[in-house]
Amino acid sequence: VAITGELSSMTRKQATEILTLLGARVSESVTAATDILIVGENPGGTKLSAAMKNGTRMVTESEFAELLEK
C-alpha cells in the first residue's frame, strides 16, 4: 500500500500505523508490487503515474475509510 496526497481524517503516520496493524506493508513509492494507492487531496503526479502504469488499484480517502469499517 502507498499513500499520496493529504488525508483530511488522519495523518499519514496514523494511516500507516493502522495499515501496519492490519498486516499491510506501506511503501513510500508505487511499484509493480503495490496493491493499493490511497489518494488524498493534492496527490503527487509521480505516484499516480506509476499506479496507472502498473494497474494499481486506487482508492479515495473515503473509500479507504469504508474499507477500514469492514
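Just so it is clear, the values below take in all heavy atoms, side chains as well, and ignore hydrogens, waters and symmetry mates.
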Practice prompt. List the steps and the verdict of side-chain contact (heavy atoms from CB on, under 4.5 Å) for L37 and T4.
Written response: CA-CA 7 Å; L37 176 63; T4 187; 3.9 Å; yes

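- More than 12 heavy atoms of other residues, nucleotides or ligands lie within 6.0 Å of CD in Q14, so this atom counts as buried by the packing criterion.
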Discussion item. Before you tell me yes or no, could you show the steps for V39 and L48 under side-chain contact (heavy atoms from CB on, under 4.5 Å), namely the whole-Å CA-CA distance, both residues' side-chain angles and the distance that decides it to 0.1 Å?
Written reply: CA-CA 8 Å; V39 183; L48 284 177; 4.0 Å; yes

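- With values rounded to the nearest 0.5 angstrom, L19 atom CG is found 12.5 Å from R25 atom CZ.
- Between L68 and L22, the closest side-chain pair of non-hydrogen atoms falls below 4.5 Å.
- Cluster annotation: L7 is connected to V26 through the hydrophobic network of ILVMFWY side chains, with a link wherever side-chain heavy atoms come within less than 4.5 Å.
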Discussion item. Working note: I38 + V1, criterion side-chain contact (heavy atoms from CB on, under 4.5 Å); need CA distance, chi angles, decisive distance, verdict.
Written reply: CA-CA 7 Å; I38 300 167; V1 178; 3.8 Å; yes

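- Interatomic distance, R57 CZ to I36 CD1, rounded to the nearest 0.5 Å: 5.0 Å.
- M58 and I3 are assigned to two separate hydrophobic clusters, defined by single-linkage of ILVMFWY side chains at heavy-atom distances under 4.5 Å.
- Nearest approach of A2 to S29, heavy atoms of both residues: CB-O, 3.9 Å.
- To the nearest 0.5 Å, the span separating CD on E61 from CD on E66 amounts to 11.5 Å.
- A continuous path of ILVMFWY side-chain contacts below 4.5 Å connects V59 to I18, so both sit in one hydrophobic cluster.
- A donor-acceptor distance shorter than 3.5 angstrom exists from the side chain of T34 to the backbone of T31, with no hydrogens or angles considered.
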